[in-house]
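Everything numeric in this text was worked out from a predicted model, so none of it was measured.
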Amino acid sequence: MTVRTRFAPSPTGSLHIGNVRSGLFAYLYARHNHGQFIVRIDDTDRERSTKQSLDEILADLKWLGMEWNEGPPDEAYFQSNRVERHREAALKLLRERKAYPCYCSAEELDAKRKQAERERRRPVYDRKCRGLDFPSDLALPEKSAGRNYTIRFAMPLDGETLVDDLVKGRMVFQNSELDDFIIVRSDGSPIYNFASILDDVDMRITHIVRGDDHVSNTPRQMQMAYALGFTPPAFAHLPQVLGPDGSPLSKRHGATSVIAYREKGYFPEAMLNYLARLGWSHGDQEIFSRDELIGYFGFEACGKSAGVFNAEKLLWLNFHYLKERPIPRLAAEIKPFIARRGWAIPGDDAWLEKAVATLHERAKTLVELVDFASFYLKDEIEIDSKAAAKFLKPEIAEPIRALAAELESIEGEVSEASVQAVFESVLARFNLKLGQLAQPVRVALTGGAVSPGIYEVIAVLGKRRTVDRLNAAVSRIEQPA
RNA sequence: GGUCCCAUCGUCUAGUGGUUAGGACACCGGCCUCUCACGUCGGGAACGCGGGUUCGACUCCCGCUGGGAUCACCA
């Protein structure tokens with residue numbers, strides 16, 4: 001049997017780190033077994049579902065390379081288009097008396113629930129309407145037709161439901177603990193729990209991979225599958241992803257969506273690698289390509305306990321992939337990030353590559369790379385006042401002037417070697433150590449006390465811009481603003 | 001509260017009855033050095049507690065404690 005897994009996001013917001021990890025594991029499991037990965041859009045909540053978040057989620061999945069075999073834009077994979085099928089299945093259950101109408105009002109149920117809580121009893125439905133007789137041709141609810149009742153699933157009253165979870169192992173639930181939950185609302189719309197398992201069996205999903213916040217739904221869904229005459233799929237419930245404080249990851253923990261990291265200049269390789277290692281391992285290996293992930297993945301190597309999202313490790317991984325990136329590729333990838341700042345690139349591709357080459361072991365993300373490259377890209381550099389106070393002192397004005405003059409006299413464009421020669425000459429003339437001249441020059445050229453090697457910086461900046469900035473620094477020293 | 005799940009360094013984890021309990025991120029220190037990084041070398045850091053089982057428990061069993069999930073006409 002071919003493995004078929006699915007990822008079923010709700011388009012009600014950005015794709016979340018914890019969510020997408022479940023999707024990733026489903027994807028990896030399918031690919032590992034040469035099976036199929038299906039994306040289904042669970043958009044039954046019409047109020048909160050938006051086209052925008054749908055597009056964003058799909059873009060995130062594509063960015064991560066989690067390509068799907070079946071799914072959007074095919075309309076059949078939108079849950080909202082399957083309402084008739086859900087209602088048909090509910091009607092079948094009703095006809096077979098495996099489901100029944102419930103006439104209790106929402107207010108009544110609410111009151112009972114509150115009272116149960118007050119009395120510290122289990123807040124479950126008391127099955128008040130279960131014994132009621134109802135006509136064998138009873139129709140499904142429909143408010144406009146005045147059929148203002150809900151349909152409840154008639155859960156087996158005894159026996160137990162076994163869940164042999166691929167991650168958690170065997171879990172046993174007493175059916176008596178399961179309640180007769182609603183499957184069709186009084187407005188006629190199906191409830192998620194019902195629609196979801198129906199869609200899964202209809203789509204011939206073999207393994208449901210999802211977060212373990214769904215475990216308690218599992219025995220109910222299995223019972224529904226049985227009632228409908230299906231064999232339920234296998235289940236793999238992955239532990240939750242937590243924030244640094246140990247509570248479930250949420251917006252208040254800062255960046256928790258895929259798109260946030262995409263915009264911060266992270267690579268999909270890093271995100272994939274990080275997500276996979278959160279709750280799954282393969283010995284001591286830390287770095288995995290997508291193919292390795294697919295080759296090694298299995299639920300037996302998944303942990304059972306919740307994991308804390310560690311943004312620093314993600315950053316480190318991103319740094320790793322950034323260092324590995326070929327320079328031309330990095331240079332191409334950084335362009336949109338530069339454009340987003342509204343900056344022009346003062347040179348051709350070869351020049352950009354030279355600039356990027358000096359930075360690629362310092363920046364951890366593409367956004368950081370642009371930050372670091374700002375003094376290459378813009379001429380209006382801002383001189384850090386502390387750095388200026390420390391290094392741009394009167395006694396260094398003369399050596400800088402000399403350096404500028406010697407650079408100016410070089411025929412054609414400067415190179416790292418020619419710059420070094422000039423430095424050595426000036427150093428000897430003024431009896432200075434390299435650090436004594438390099439730091440002031442660094443401040444003059446970059447605005448700060450930290451940058452790539454000073455010869456590299458000058459070689460990238462070029463003779464004209466270097467000399468101009470050196471002269472500007474000399475003026476600044478001699479006539480402080 | 002009922003039900004279910006979980007428990008190795010701060011974090012992600014390896015471990016499957018006998019190990020100096022390993023790796024990675026982070027942290028600290030040395031080296032390299034024109035600054036900062038990179039790199040490199042080194043360091044500190046964990047088996048929640050209590051009972052069993054066993055010649056021997058991080059590993060198996062029980063209890064406790066502590067965390068978490070879930071109990072909607074949400075998904």
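Taking atom NZ on Lys168(A) and atom P on A7(B), their separation rounds to 9 Å, with Å as the unit. Rounded to an integer number of Å, the gap from Glu456(A) CD to C34(B) P is 13 Å. If you take CG of Asp45(A) and C1' of C73(B), they are 13 Å apart, rounded to a whole angstrom. Distance Lys364(A) NZ to A37(B) C1': 8 Å, rounded to the nearest Å. One atom, CD of Gln285(A), and another, P of A24(B), lie 13 Å apart when rounded to the nearest Å. Separating the NZ atom of Lys114(A) from the C1' atom of C71(B) is a distance of 15 Å, rounded to the nearest angstrom. Here A37(B) presents its P atom at 16 Å from CG of Leu322(A), a figure rounded to the nearest Å. For Gln439(A) and U35(B), the CD to P distance is 7 Å, given to the nearest whole Å.
Among the protein residues, Gly453(A) comes within range of the nucleic acid bases, having at least one heavy atom under 4.0 Å from a base atom. Across all strands shown, Phe372(A) has no heavy atoms under 4.0 Å from either base or sugar-phosphate atoms. Across all strands, Asn217(A) comes closer than 4.0 Å to base atoms (heavy-atom distances). At a threshold of 4.0 angstrom between heavy atoms, the contacts of Pro452(A) include nucleobase atoms, whether or not backbone atoms are also involved.
Aromatic ring centres of His207(A) and Tyr29(A): separated by under 6.0 Å.
Partner assigned to C71(B) is G1(B), using Watson-Crick or G-U wobble distances below 3.5 angstrom. Base pairing of G39(B): its partner is C31(B), meeting the Watson-Crick or G-U wobble criterion (both donor-acceptor distances under 3.5 Å). Summarising the base pairing, C58(B) is matched to no nucleotide, lacking a Watson-Crick or G-U wobble pair whose two defining distances lie under 3.5 Å. For C49(B), the paired nucleotide is G63(B), the pair qualifying as Watson-Crick or G-U wobble because both relevant distances are below 3.5 Å. The nucleotide U11(B) finds its pairing partner in A24(B), both defining distances of the Watson-Crick or G-U wobble pair being shorter than 3.5 Å.
Looking at every heavy atom in both residues, Arg82(A) comes nearest to Asp202(A) through NH2-OD2, 2.7 Å.
Judged by closest nucleotide on RNA chain B, His282(A) is the one of Lys323(A) and His282(A) placed further toward the 5' end. Residues Pro9(A) and Lys313(A) each lie close to RNA chain B; by heavy-atom proximity, the contact nearer the 5' end of the strand is made by Lys313(A).
When the side-chain nitrogen and oxygen atoms of Arg40(A) are compared with OP1 and OP2 of A75(B), none of them lie within a distance under 4.0 Å. Proximity of Arg113(A) to the phosphate of A72(B): a side-chain N or O atom is located under 4.0 Å from OP1 or OP2. Listed pair Thr44(A) / A75(B) meets the phosphate criterion, a side-chain N or O lying under 4.0 Å from OP1 or OP2. Close to A14(B), at under 4.0 Å from its OP1 or OP2, lies a side-chain N or O of Ser281(A).
Residues satisfying the side-chain contact (heavy atoms from CB on, under 4.5 Å) test with Glu292(A), not counting sequence neighbours, are Gln285(A), Phe288(A), Ser289(A), Tyr296(A).
Looking at the side chain of Ser305(A), the nearest of the listed nucleotides A69(B), U35(B), A7(B) is A7(B).
Between the side chain of Ser186(A) and the base of C73(B), at least one donor-acceptor pair of N or O atoms lies under 3.5 Å.
Checked for salt-bridge contact, Lys323(A) and Glu361(A) miss the test: no charged N lies under 4.0 Å from a carboxylate O. Using a 4.0 Å cut-off between charged side-chain N and carboxylate O, Lys354(A) and Glu456(A) make no salt bridge. By the 4.0 Å N-to-carboxylate-O rule, Asp179(A) lies close enough to Arg220(A) to be salt-bridged with it.
Taking the P atom of each, U8(B) and C32(B) are spaced 41 Å apart, rounded to whole Å.
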